[in-house]
Number of protein chains: 2
Amino acid sequence: MEKKTEDNILWAAEQEFLSKGFARTTTADIAKLAGTNHALLHYYYRSKENLFIKVFEKNIQTIIPLFCSLTDNNLPLKERIQNFIEVHFDYIVQNPRLPYFIINEILSNANCVQIFQKQFQSIINEINAKLEAELRQEYETGHINNITAGNLIYEIISLNICAFVAMPVATQLLNISQEEYLRFVQQRKAENVVTILGRLYKK
Amino acid sequence: MEKKTEDNILWAAEQEFLSKGFARTTTADIAKLAGTNHALLHYYYRSKENLFIKVFEKNIQTIIPLFCSLTDNNLPLKERIQNFIEVHFDYIVQNPRLPYFIINEILSNANCVQIFQKQFQSIINEINAKLEAELRQEYETGHINNITAGNLIYEIISLNICAFVAMPVATQLLNISQEEYLRFVQQRKAENVVTILGRLYKK
DNA sequence: ATTATCTATAGATCTATAGATAATGC
DNA sequence: ATTATCTATAGATCTATAGATAATGC
């Protein structure tokens, strides 16, 4: 019922893995943060890898609904894209370590690749096909500039996530304060909308 | 004179650190790839950390000249920006692991932050100030849309590096072949120019 | 009876060095 | 003499488990 210790371990594992990645996290760190005995981690989750996979799967799943809104939504194309940029951006603001975490682990763990594929492949293909058809039609009727769905999604994600993947770098490099950084992040959202819509729509 | 073993170790360390990062690379791996005895790594470089710092510094230094071309160059603004996007892009094509490597290590090693700062801080501040003044003037004379130097540089770097940081992810996810991926990368260069110049210049 | 927790430690892995030996430079 | 290379191993760190003990559920 309570599952207090078990949950604490999972929570602590999430904190540690998300901030340091699999390789640099130790099971002792996790147990310490969970305020529990080291042996209990293995008692409940068998192995470090197993515990990690649980954390990875949980975090991957939360992203899917975001992408669905790109096609499953009654708004007109322009508003729908703007909405996606903003919702995706806000999600990353709430989960700033997630993009780096996913990239990092997919690059270093074959299991993560498979999990990612299994959960994403069909949904991404579907969204891509739908959006591709829509973009082509809008282009042929002269409403937007020519762009593929892949490139459009790519540009949105790039502009949105880089603030959180590379920005800790820039922040430390340029001695930017926490307040300045938050101000920068907030105006990036509007900037990204301007840049992407500017790419799509003739002025 | 020859320094063959010593150089081999440094070369191997660069391969290993760039592809796996500090934490997931072992000194035994490096020695094996260098085709030398494990003990020689410590004989020549004292410690793993020391060897890593050498690799990091070397790779950091090569980036600086790229950024200088953004202001130290006789081309008009538009061509200069286009040139920077293309040169920066090509550089990453030649060194695809570098962006991830730098981000990864800066996020996990305080020494790397300091090295980065020491080498970049003054030059970045100078370039930023110069470009900021130029952009402001161009905006006031009605030649470009309003944008800060920081945002402009940020958007160029984001669009350019994401193809190489996050794309291995997308490649594996979407089952894209090597050829398709290279084709995608090549057209991204022109795409990024279109997107950035579209952001700057009214049509 | 079953589940949860603890202590203690095995066993694997990794960095680093001591100390012996071989190769090279003057 | 100095530099380069090797073997062997110390010592640190980490994952994982065995086995004892305490807490809980029926």
Side-chain angles (χ1 to χ4, degrees), chain A residues 1-59 101 104-105 107-112 114-115, chain B residues 1-59 101 104-105 107-112 114-115:
Chain A
M1 170 103 300
E2 272 269 15
K3 283 194 166 194
K4 207 158 166 294
T5 301
E6 192 172 350
D7 291 344
N8 281 349
I9 292 169
L10 188 62
W11 171 85
E14 188 169 0
Q15 307 305 309
E16 294 287 280
F17 284 140
L18 273 166
S19 61
K20 294 188 293 189
F22 182 81
R24 284 165 42 240
T25 296
T26 70
T27 50
D29 287 343
I30 294 171
K32 193 179 173 190
L33 183 62
T36 192
N37 188 285
H38 189 170
L40 289 176
L41 184 147
H42 294 96
Y43 173 72
Y44 286 113
Y45 295 97
R46 190 104 205 135
S47 71
K48 182 188 175 187
E49 174 83 15
N50 209 36
L51 179 54
F52 175 78
I53 294 298
K54 284 227 168 23
V55 171
F56 188 80
E57 279 181 329
K58 184 190 155 197
N59 278 277
F101 172 74
N104 193 29
E105 302 305 336
L107 289 175
S108 61
N109 185 333
N111 283 335
C112 291
Q114 289 206 332
I115 293 167
Chain B
M1 169 102 302
E2 272 270 15
K3 283 196 166 191
K4 208 161 166 292
T5 302
E6 191 172 350
D7 290 345
N8 281 348
I9 292 169
L10 188 62
W11 172 84
E14 189 169 359
Q15 307 306 308
E16 294 288 281
F17 284 140
L18 273 165
S19 62
K20 295 189 294 191
F22 182 83
R24 284 166 41 241
T25 295
T26 70
T27 51
D29 287 343
I30 295 170
K32 193 179 172 190
L33 182 62
T36 193
N37 189 284
H38 189 170
L40 290 177
L41 184 148
H42 295 94
Y43 173 70
Y44 286 113
Y45 295 98
R46 190 103 207 137
S47 70
K48 182 187 176 188
E49 173 84 15
N50 210 35
L51 179 54
F52 175 79
I53 293 298
K54 285 226 167 23
V55 170
F56 188 80
E57 279 181 330
K58 182 191 157 196
N59 278 278
F101 172 75
N104 192 29
E105 302 305 336
L107 289 175
S108 61
N109 185 334
N111 283 335
C112 290
Q114 289 205 332
I115 292 167

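In this text the structure is predicted, and so the values were computed from the model without any measurement. Below, chains carry the letters A, B, ... as their sequence lines are ordered, and counting in each starts from 1.
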Would you kindly give the CD-to-C1' distance between B/E16 and C/dC14, to the nearest whole Å? 15 Å
Nearest whole Å is fine: how far is D/dT5 C1' from B/I9 CD1? 11 Å
Whole angstrom is fine here: how far is it from CD in B/E6 over to P in C/dT24? 16 Å
Partners meeting side-chain hydrogen bond (donor to acceptor under 3.5 Å, both in side chains) with B/E105 (sequence neighbours left out): none
Roughly how many Å is it from NE2 in B/H42 to C1' in C/dG19, rounded to a whole number? 17 Å
Side chains of B/L51 and B/F17: does their closest heavy-atom pair fall under 4.5 Å? yes
Return yes if some donor-acceptor pair links the side-chain N/O of B/K48 with the main-chain N/O of B/F22 below 3.5 Å, else return no. yes
Just how far, in rounded Å, is P of D/dT5 from CG of B/D7? 11 Å
Listed nucleotide nearest any side-chain atom of A/T26, set D/dC14, C/dT17, C/dT5: D/dC14
Does B/T5 offer a backbone N or O that forms a donor-acceptor pair with the side chain of B/T36 under 3.5 Å? no
How many Å lie between CZ on B/R24 and C1' on D/dC14, as a whole number? 17 Å
Greater than 12 external heavy atoms within 6.0 Å of B/K54's NZ: no
Measure from CG on B/N50 to P on C/dT17 and round the result to the nearest Å. 11 Å
By the Watson-Crick or G-U definition, both distances under 3.5 Å, C/dC14 is matched with D/dG11
For C/dA23, the Watson-Crick or wobble counterpart (both distances under 3.5 Å): D/dT2
Donor-acceptor under 3.5 Å (A/N59 side chain, A/V55 main chain): yes
Every protein N/O within reach of nucleotides 6-8 of chain C N/O, cut-off under 3.5 Å:
residue, atom, partner, partner atom, Å
C/dC6, OP2, A/N37, N, 3.4

Which whole-number value in Å describes the distance from A/Y43 OH to D/dA20 P? 16 Å
Candidate pair A/E6 and A/L10, rule side chain to side chain contact (heavy atoms under 4.5 Å, CB included), full reasoning: CA-CA 6 Å; A/E6 192 172 350; A/L10 188 62; over 6 Å; no
